[in-house]
Amino acid sequence: MRVLMVEDEVRLAETVRRGLSDAGFVVELVHDGEDAVWAATEYSYDVIVLDIMLPKLNGYKVLEQLRERGVWTPVLMLTAKDGEYDQTDAFDLGADDYLTKPFSFLVLIARLRALIRRGGPERPVVLAAGDLTLDLARKRVERAGQEITLTPREYGLLEYLIRHRGDTVSKLEILANVWDPAFDGDPNVVEVYIRYLRLKLDAPFARHSVETIRGMGYRLDPEGG
C-alpha cells in the first residue's frame, strides 16, 4: 500500500511515516506543494495524505491541479484547520476525506485503509450555481446546458466567485486571488471583468447571477440568479 504524504512539518511527517511503515504502508514524503504535484503525477500511489498549509502551493491548489490533470488517487486532507468552510472547499475540489490535527493515529490508519479499499474512480469536479456549471477538470463553463467561452481571466474570476457562491467578496479579495497578491494596478479592472461575465453569463439568459453589493463587493447568487 503506497502512500504519498505531503507535510511541511518535517518532524511530524517523519513520525507519521514511521508509524505508517510499521503498519505495513510504503510511504514517500514530500514537503511542499510543487513536489507533491510532480510526485503524484509521475508515480502511482494508493492514497495521498495532503496537508493544507504548505509552501509554494497550498493543499487546495495541489488537489485542484491533480484533479485537473486526471489524477484520481484518493486524497485525505490533513490540517490544523477545522472550520466548516475548509471542509466544504476540500470536498468541492475532490477530496475524499478530511482529518484535523491533532489526530488519532489509529483513526488515520483506519481512514487510509478505507480509502484504499474504496479506490479512486474518475470523478470530474463540477461546481454549480443553479444551472450555471463550471467543470474544473475540463475547464468548461455551461449555462442551461449551453457552453460559454471565457477568456482565462474571466474563467479565473468565475471560478473564484463560484467557489464562494453566496458570499460577498471585495475587490481586494478578488485581486489577490484572481490577479496577484502584489497587484498594484487600477482596482477598477475588477469592475471591467465583472461586466464581461455579466455579458456572457447573464444577459443572454435573462439572469442576474453576478450581484453588486454596494460598498462591499460582489456576490454570485448560489441559485444562479
Side-chain angles (χ1 to χ4, degrees), residues 1-128 134-137 159-160 162-165 167 177:
M1 295 179 288
R2 288 175 49 81
V3 179
L4 174 64
M5 181 163 185
V6 189
E7 170 61 66
D8 65 326
E9 296 181 39
V10 177
R11 291 178 60 184
L12 172 62
E14 183 58 30
T15 298
V16 175
R17 186 198 65 77
R18 288 197 302 266
L20 291 178
S21 296
D22 290 344
F25 294 87
V26 176
V27 183
E28 180 174 345
L29 294 179
V30 296
H31 302 297
D32 67 63
E34 290 182 356
D35 285 347
V37 172
W38 182 85
T41 303
E42 293 294 319
Y43 300 103
S44 177
Y45 299 94
D46 296 296
V47 67
I48 299 171
V49 179
L50 178 63
D51 190 24
I52 288 180
M53 304 302 291
L54 294 168
K56 298 186 180 180
L57 289 175
N58 66 39
Y60 295 134
K61 289 293 185 182
V62 171
L63 181 58
E64 181 180 9
Q65 289 192 20
L66 291 182
R67 296 319 190 212
E68 287 175 354
R69 297 180 185 198
V71 178
W72 301 104
T73 307
V75 172
L76 183 146
M77 302 294 281
L78 185 64
T79 177
K81 302 172 71 177
D82 61 354
E84 177 182 351
Y85 290 108
D86 299 318
Q87 296 185 43
T88 301
D89 289 343
F91 288 130
D92 280 346
L93 285 169
D96 298 271
D97 204 350
Y98 190 101
L99 194 59
T100 58
K101 304 172 186 176
F103 56 88
S104 163
F105 194 75
L106 292 178
V107 170
L108 173 62
I109 290 176
R111 296 264 186 102
L112 294 181
R113 285 176 172 160
L115 289 178
I116 291 171
R117 286 196 300 269
R118 189 188 311 165
E122 186 167 325
R123 299 152 298 175
V125 181
V126 178
L127 304 179
L134 186 151
D135 187 323
L136 292 168
E159 180 180 345
Y160 183 73
I162 203 168
R163 288 193 189 283
H164 297 272
R165 53 197 176 278
D167 298 333
N177 288 276

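Throughout, residue positions are numbered sequentially from 1 according to the sequence presented.
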## Note on the structure
Rounded to the nearest 0.5 Å, the CG atom of Leu76 sits from the CE atom of Met5 at a distance of 9.5 Å
### Task
Quickly, which of Ile48, Leu99, Asp97, Leu63 forms a side chain to side chain contact (heavy atoms under 4.5 Å, CB included) with Met77? Name it, please.
Leu63
### Query
Any side-chain heavy atom of Val49 within less than 4.5 Å of one from Val16?
no
### Query
Is any NZ, NE, NH1 or NH2 atom of the basic residue among Arg11 and Glu14 found under 4.0 Å from an Asp or Glu carboxylate oxygen of the other?
no
### Task
Taking all non-hydrogen atoms of both residues into account, name the closest pair between Leu115 and Pro74 and its distance.
O-CG, 3.9 Å
### Sidechain-backbone polar pair: Asp51 side chain, Val6 backbone, donor-acceptor under 3.5 Å
no
### Within-4.5 Å side-chain heavy-atom neighbours: Thr73 and Leu4
no
## Note on the structure
Heavy atoms of Val30 and Ala39 approach each other most closely as CG1-CB, 4.5 Å
### Message
Could you measure the distance from the NZ atom of Lys61 to the CD atom of Gln65? Nearest 0.5 Å is fine.
### Response
8.0 Å
### Message
Could you measure the distance from the CG atom of Leu108 to the CZ atom of Phe25? Nearest 0.5 Å is fine.
### Response
7.5 Å
### Message
With rounding to the nearest 0.5 angstrom, report the CG to CD distance, Leu12 to Glu7.
### Response
4.5 Å
### Summary
What one should report as the nearest heavy-atom pair of Leu54 and Asp8 is CD2-N, 3.8 Å
### Task
State whether Arg67 and Asp96 are salt-bridged, where the test is any N-O pair (Lys NZ or Arg NE/NH1/NH2 against Asp/Glu carboxylate O) under 4.0 Å.
yes
### Query
To the nearest 0.5 Å, how far apart are NZ in Lys56 and NE2 in His31?
11.5 Å
### Message
I'd like to know if the side chain of Glu28 pairs up with that of Tyr45 as donor and acceptor (distance under 3.5 Å, no hydrogens or angles considered).
### Response
yes
### Query
With distance as the sole test, does Asp46 use its side chain to make a donor-acceptor pair with the main-chain N or O of Arg2 at under 3.5 Å?
yes
### Message
Would you compute the distance between atom CD of Glu64 and atom CG of Asn58 and round it to the nearest 0.5 angstrom?
### Response
9.5 Å
### Message
Just checking Phe105: does its CZ atom have more than 12 heavy atoms from other residues, nucleotides or ligands closer to it than 6.0 angstrom?
### Response
yes
### Query
Do Asp32 and Leu57 have side chains that get closer than 4.5 Å, going by heavy atoms?
no
